[in-house]
Amino acid sequence: MRSVLLLYLRDYLHWDDDTSTAVYHAFTVLAYLFPLVGAIVADSYWGKYKTIIYLSVVYVFGHAVKTVGSIPYVPSQVAHAVLSMFGLFFIAVGTGGIKPCVSSFGGDQFMPGQSYIRKQFFSLFYFAINAGSLISTFVTPIFRADVNCYPNETGPEFDQCFALAFGVPGALMVVALILFIAGSRWYTIYPPEGSIFTKVCNCIYTACKNRWHTPNDQRNKEHWLEYADAPPKLIRDTKYVLRVLVLYIPLPFFWALFDQQGSRWTLQAIQTNGYLGTLLIKPDQVEVLNPLLIVTLIPIFEATLYPFLRHFNIPFPPLRRMTVGLVLAGLSFIAAAILQIEIDKTLTPLPKSFEFGVRFINSAPCNVTFTPDNAILPDITVQPNDISTIIFYHHTDTARYTYLTCSGETATIQTTAAKEQVVEFVVFGDQAQLVNKVPMVTHKSEDGGGRFSVLNLDPQQRDLVVVVTSVERGKYPERSTDVLYTNRSASIDVGYGFATITAYDKATFGDNDDTGSGGGGNVVVYTTDLYLDVGGVYSIVYNNGSTGFTNLDLNPNTISVAWMIPQFLIITIGEVFLSITGLEFSYTQAPPSMKSVLTSIWLFTVSLGNIIVLIIAEAKGIEKQSDEFFLFAGLIFVAAILFVFLAYRYIPVDENEFKEEILEEERKFRERARLHELKKKGIPLDDISDGELPSYDVAIQGSNGVTKKLEYEHDTPM
């Protein structure tokens, strides 16, 4: 769903790039913040099984609301926005709630003697996540762009099928939930035992409070955590956690860069030519490179890089790998910035976030000179059947111009506009005596073709029906749109290459003939063949009989999307070194009881990283996208230096230090598993003799008050 989210916010809700980026990352913040809540709820109240079920229902409900919000028949743009935001919130609650539960619930299904099988499960689980990401990131944009959900409808809101792109993942989540519930009879389900995360928070809180209230001359304990109202083991384990958390401080900057693959890098992909030969890569499909490279690089590194380093005794410990991961993320953004500089050289200049633009269209038979009130600005002379360049104004200014008609009469025009918009002054008529204002199309097509619109200046003041036939008829079927007199039509996307555009008199346009042949009483008033380049935006001005003229408004995309591959490759290698290594390192450096705490906080660093992006995007203080990329690269290089300093001071923990605790955890696991088996068999604990369950010291009390001991009988795989 997230692969098409940015384009939905930008193209369907019509929010600007910075706002769309901010909302995209705000959603990601929530999706990685709610795992903390989900873990606490699962451990303290519902248990993992019920938490997965209940919050999966919330997940599906969010997708349903999001899908309804993206249906064009919803009457209000405000309603679209409100439904979309509520849908995203429920999706974030659902996905965040089940995120910390699914993998650990899978781990619960294996006994201690099945550690090898459990390891296989987690490998398969990680592979399934990336395989799902690989497939969905490729397929969901196809649902958005290539499926004609509204065959009898016209208008830009019907050109893309976001409802299908959001609805299919929601429907598949329903299937997944049904399958999950169907397997319940075979699951090992443990009741909640209390959240270790809340215990850690309480330990830190009471330590701070008690130390604060302890006079300075009585503060004689070695560590500030020893002031906590908590068992000694919890205090000791919390110390270990805090040591690792210090290393986490720079990590949000990595995620700030990593998650921009779905926002800023998608916007960058829109500005490239997505064709690789005959294969079209849509902007929201570019993200497929990350999971594709992940499933490729992990086995390659395991089979080649790491054995090579071990063979030549080149040390590459976890903290060093994580440092390299941070540096590589910065290098990927330098590559993105260099590419953006080259892209900017090919783009048509448009108003920035603090500007609006004005341009002039002269459809009269004489030259027209527009004189601005501001004497600093030059006069602008536009020849017949021509369009001027864009003149930029600060968004608080008013553009005022005077001009002479063909007969020498003086006319005055003025306008203001919203930020980043371009207003077109159109002069027409036999004497240039008529003037109108229309908006310029300033967004390109995202689907590998060109975009055009028709400006209707028919001398007989007729409303028109414009029919377009693309050479790629299967992908872009014949379509029509109305264009009222003196208005600009809705923008129409056409595959690159030649397209035939025919304008009919709307009053005589017959419903019985939509082939463009002119039969059935249809009156053809204008026809032309137009060649559209990838990413080009064109204006067709119809102004006199069967004649008109065409203007290239926005330059086509000339830089190939293949130039984005290096930045994806670099940041994905960084992900392999940092993300996978970081999780493994955290697990080896924390006591068994604290592994879930570190997992939740690891996910929380993702949330913090997206907050960084949200702040920078909403600040809107950087106008050039390349400069913003350089800023993020600089930030993560600083974070890498900080990480090196922290890693140098960090003393790794010997894994054998937790050996006894691991054995204790396995013993308790066996006891819980055996008790669960007895319950599944319907055997009351009171009916089991002491002789049947000899061995361990942990006791379970039956309903009659008699204490029993439990033992798991064997370590062989089930």
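Just so it is clear, the model here is predicted, and its values are computed rather than measured.
When atom types are taken as modelled, the side chain of Arg451 and the backbone of Lys444 share a donor-acceptor pair closer than 3.5 angstrom. Proximity of a side-chain donor or acceptor of Glu446 to a complementary backbone N or O of Ile270 within less than 3.5 Å is not detected. Side chain of Asn313 to backbone of Leu309: no donor-acceptor contact under 3.5 angstrom is found. In this structure, Arg10 contributes its side chain and Leu5 its backbone to no donor-acceptor pair below 3.5 Å. Side-chain atoms of Thr605 come within 3.5 Å of backbone atoms of Trp602 as a donor-acceptor pair (strictly under, hydrogens ignored).
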Q: Could you give me the CA-CA distance, side-chain angles and deciding distance for Ile98 and Ser56, then say whether side-chain contact (heavy atoms from CB on, under 4.5 Å) is met?
A: CA-CA 7 Å; Ile98 67 176; Ser56 291; 4.0 Å; yes
Q.
Trp563 vs Thr272, test: side-chain contact (heavy atoms from CB on, under 4.5 Å). Steps then yes/no.
A. CA-CA 9 Å; Trp563 287 106; Thr272 65; over 6 Å; no
**Q.** side-chain contact (heavy atoms from CB on, under 4.5 Å) evaluation trace for Phe254 with Ile636
**A.** CA-CA 7 Å; Phe254 174 83; Ile636 201 167; 4.2 Å; yes
Q: Dump the intermediate steps for ring pair (Phe, Tyr, Trp, His ring centres under 6.0 Å) on Phe166 and Phe143, then the final yes or no.
A: CA-CA 9 Å; Phe166 294 140; Phe143 292 151; over 10 Å; no
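In this structure the side chain of Ile300 never reaches within 4.5 angstrom of the side chain of Leu305, judged on heavy atoms. Between Leu578 and Leu326 the shortest side-chain heavy-atom distance falls below 4.5 Å. For the pair Asn557 and Thr346, the minimum side-chain heavy-atom distance is 4.5 Å or more. With a 4.5 Å cut-off on side-chain heavy atoms, Ile565 and Leu289 count as touching. Under the 4.5 Å side-chain criterion, counting only non-hydrogen atoms from C-beta, Tyr275 is in contact with Tyr496. For the pair Lys282/Asp146, a side-chain contact is recorded, criterion being any heavy-atom separation below 4.5 Å from C-beta on. For the pair Val65/Phe61, a side-chain contact is recorded, criterion being any heavy-atom separation below 4.5 Å from C-beta on. Between Tyr8 and Ser84, some side-chain heavy-atom pair lies under the 4.5 Å cut-off.
Atom-to-atom distance recorded for Ile189:CD1 and Gln109:CD is 7.5 Å, nearest 0.5 angstrom. To the nearest 0.5 Å, atom CG of residue Asn273 and atom CD1 of residue Ile343 are 11.0 Å apart. Note that CG of Leu134 and OG1 of Thr296 are 8.5 Å apart. Values are rounded to the nearest 0.5 Å. For the atom pair CG of Leu603 and CG of Leu598, the computed distance is 11.0 Å after rounding to the nearest 0.5 Å.
Closest approach of Pro283 and Ala269 over heavy atoms only: CA-CB, 3.8 Å. What you find for Ser133 and Pro291 is that their closest heavy atoms are OG-CG, 3.6 Å.
Other residues, nucleotides and ligands contribute more than 12 heavy atoms inside 6.0 Å of the CZ atom of Phe301. For Phe180, the CZ atom is densely surrounded, since the number of other residues' heavy atoms within 6.0 Å is greater than 12. The local environment of CH2 in Trp15 is crowded, with over 12 non-hydrogen atoms from other residues, nucleotides or ligands closer than 6.0 Å.
Checked against side chain to side chain donor-acceptor pair (under 3.5 Å), Gln271 has the following partners two or more places apart in sequence or in another chain: Gln340. Partners of Asn290 by side chain to side chain donor-acceptor pair (under 3.5 Å), not counting sequence neighbours, listed by chain and number: Thr572, Glu575. With sequence neighbours excluded, the residues satisfying side chain to side chain donor-acceptor pair (under 3.5 Å) with Thr19 are Asp16. With sequence neighbours left out, Phe630 forms a ring pair (Phe, Tyr, Trp, His ring centres under 6.0 Å) with no residue at all.
Applying the side chain to side chain donor-acceptor pair (under 3.5 Å) test to pairs two or more places apart or on separate chains, none has a residue in residues 165-182. Within the structure, the side chain to side chain donor-acceptor pair (under 3.5 Å) test picks out the following pairs touching residues 27-36 (sequence neighbours left out): Arg2-Thr28.
A salt bridge does not link Lys624 with Asp344: every distance from a Lys NZ or Arg NE/NH1/NH2 to an Asp or Glu carboxylate oxygen is 4.0 Å or more. The pair Arg264-Asp18 meets the salt-bridge criterion, since a charged nitrogen lies less than 4.0 angstrom from a carboxylate oxygen.
Between Phe333 and Trp265, the distance separating the two ring centers is shorter than 6.0 angstrom. With ring centers used as reference points, Tyr187 lies under 6.0 Å from Phe105.
Exactly one residue among Thr140, Val286, Val288 makes a side chain to side chain contact (heavy atoms under 4.5 Å, CB included) with Ser3. That residue is Thr140.
Classified by interplanar angle (parallel below 30°, tilted 30° to 60°, perpendicular above 60°), the ring pair Phe308/Phe312 is tilted. Ring pair Tyr306/Phe577 is tilted by interplanar angle, where 30° to 60° counts as tilted.
For the residue pair Gln268 and Gln567, a side-chain donor N or O sits within less than 3.5 Å of a side-chain acceptor on the partner.
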